[in-house]
Amino acid sequence: MSENQHSEQAQDSAPEGVQIQDLEPGQKVDASAVVAGVDVPQGDEAAVASAEPSDQDDDELDPLVEEGEVAADYLEELLDLADLDGDIDIEVRNGRTYLSVVTEEEGDDGLDMLVGKDGEVLEALQELVRLAVLAGTEQRSRLVLDIAGHRLARAEQLRELARRAVQSVRDSGEPVHLDPLSPYERKIVHDVVAEEGMHSESEGEGPGRHIVVSANG
């Protein structure tokens, strides 16, 4: 086959508008880019383009990570003001930010003052942290704050409470009304009841909102 035939075949196989003869000898061209009609960076341009990241860091785009950092800064200042020691852990899961304040010192009850009786201080502090996030990000927060493992222990108590309510419904067939709970605590109970194959729903308003467990919806 002659050199002219080679050239003609190369031009016939090239996408419309691409002239093979315009390419410099030895020039490397990304075939897929040429087919797509994309300009291919050459020389230093290509080096710069390859060095630039294609995507930004996910953490910079994730509002849950941002709210966790804002909340952690607020908590650190609060611990300093109260002269309390504590490590702050941040975790994002299931579309929510979870912060835990813990201490490695055994027998250190200093953080208990931030929990209060039945977690009342903890609940109030959680609302303050959410307000701090709102002020810092202009986004409402549903973050969950735990201090000294109080919520972990409370969650297990609620699971046991839900299991007892389910058993009572099975034994008597009558609905069981639980004491008022916070939205976060109600969700824990709802999840356990659903796992047990029973029905639960929230009734009441405000501080009196509680869960009713029954056999049928």
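Please read all numbers here as calculations on a predicted model, not as lab measurements.
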- Flag yes if Tyr98 and Leu75 sit in one hydrophobic cluster, no otherwise; membership is Ile, Leu, Val, Met, Phe, Trp, Tyr, and two members link when side-chain heavy atoms are under 4.5 Å apart. no
- Message: I need the minimum non-hydrogen distance between Arg96 and Leu64, along with the two atoms involved.
- Response: N-CD1, 3.8 Å
- Query: To the nearest 0.5 Å, how far apart are OG in Ser100 and CG in Asp87?
  - Reply: 11.0 Å
- Donor-acceptor pair, Ser172 side chain versus Ser168 backbone, under 3.5 Å? yes
- Gap between atom OG1 of Thr103 and atom CD1 of Ile147 - 0.5 Å precision: 12.0 Å
- Message: Within a 6.0 Å radius of atom CD on Glu203, are there more than 12 heavy atoms belonging to other residues, nucleotides or ligands?
- Response: yes
- Message: Show the nearest heavy-atom pair for residues Leu99 and Ala72, with the distance to one decimal.
- Response: CD2-N, 3.8 Å
- Task: Begin with the C-alpha distance, continue with both residues' side-chain angles, and end with the deciding distance and a verdict on salt bridge (Lys or Arg N to Asp or Glu O under 4.0 Å) for Arg130 and Glu127.
- Result: CA-CA 5 Å; Arg130 288 177 174 179; Glu127 291 306 312; 3.3 Å; yes
- Separation between OG of Ser182 and CZ of Arg209, rounded to the nearest 0.5 Å: 12.5 Å
- Note on the structure: For Asp191, the side-chain hydrogen bond (donor to acceptor under 3.5 Å, both in side chains) test, sequence neighbours excluded, returns Lys187
- Query: Checking side chain to side chain contact (heavy atoms under 4.5 Å, CB included) for the pair Val192/Leu161: CA distance, chi angles, key distance, verdict?
  - Reply: CA-CA 10 Å; Val192 173; Leu161 174 68; over 6 Å; no
- Heavy-atom closest contact (Ala132 atom, Val70 atom, distance): O-CG1, 3.8 Å
- Distance (rounded to the nearest 0.5 Å) between Glu66 CD and Thr97 OG1: 10.5 Å
- Message: Please say yes or no: joined through hydrophobic side-chain contacts below 4.5 Å, possibly via intermediate residues, are Met198 and Val212 part of one cluster?
- Response: no
- Backbone N or O of Ser202 within a donor-acceptor pair of the Arg186 side chain at under 3.5 Å? no
- Scanning both residues in full, the closest heavy-atom pair of Leu152 with Asp146 reads N-OD2, 3.6 Å
- Within one Ile-Leu-Val-Met-Phe-Trp-Tyr cluster: Leu181 and Ile188, side-chain cutoff 4.5 Å: yes
- Message: Test side chain to side chain contact (heavy atoms under 4.5 Å, CB included) on Val193 and His199; report intermediate values, then the result.
- Response: CA-CA 6 Å; Val193 173; His199 175 77; 5.7 Å; no
- Does a donor on one side chain and an acceptor on the other come within less than 3.5 Å for His190 and Ser200? yes
- Any chance you could measure Lys117, atom NZ, to Leu122, atom CG, to the nearest 0.5 Å? 16.0 Å
- Same apolar cluster: Met113 and Leu125, side chain cutoff 4.5 Å: yes
- Examine distances only and state if a side-chain atom of His150 and a backbone atom of Ala148 form a donor-acceptor pair shorter than 3.5 Å. no
- Item | Backbone of Leu145 reached by a side-chain donor or acceptor of Gln126 within 3.5 Å | yes
- Note on the structure: Nearest heavy-atom approach of Ala71 to Val129 is CB-CG1, 3.4 Å
- Of all residues at least two apart in sequence or in a different chain, which pass the side-chain contact (heavy atoms from CB on, under 4.5 Å) check with Glu156? Arg159, Arg163
- Task: Grab the two heavy atoms, one from Ala165 and one from Leu178, that are nearest each other, plus how far apart they are.
- Result: CB-CD2, 4.0 Å
- Task: Verify the cluster assignment for Tyr184 and Val133: are they in a single hydrophobic cluster under the rule of side-chain heavy atoms below 4.5 Å apart?
- Result: no
- Message: For Asp83, I'd like to know if atom CG has over 12 heavy atoms of other residues, nucleotides or ligands within 6.0 Å.
- Response: no
- Message: Side chains of Leu79 and Val101, heavy atoms from C-beta outward: is any pair under 4.5 Å?
- Response: yes
- Message: Strictly below 4.0 Å, N to O, side chains only: are Glu196 and Arg170 in salt-bridge contact?
- Response: yes
- Message: Let's go through Arg154 and Glu185 carefully: what are the C-alpha distance in whole Å and the side-chain angles of both, what is the deciding distance for salt bridge (Lys or Arg N to Asp or Glu O under 4.0 Å) to 0.1 Å, and is it a yes or a no?
- Response: CA-CA 9 Å; Arg154 176 62 174 161; Glu185 292 177 331; 2.9 Å; yes
- Message: Can you tell me how far apart OG (Ser214) and CD (Glu201) are? Round to the nearest 0.5 Å.
- Response: 6.5 Å
- Message: With a 6.0 Å cut-off (strictly less than), is the heavy-atom count around CD of Glu120, excluding the residue itself, greater than 12?
- Response: yes
- Will you find, in the side chains of Ser141 and Glu67, an N or O donor that is under 3.5 Å from an N or O acceptor? yes
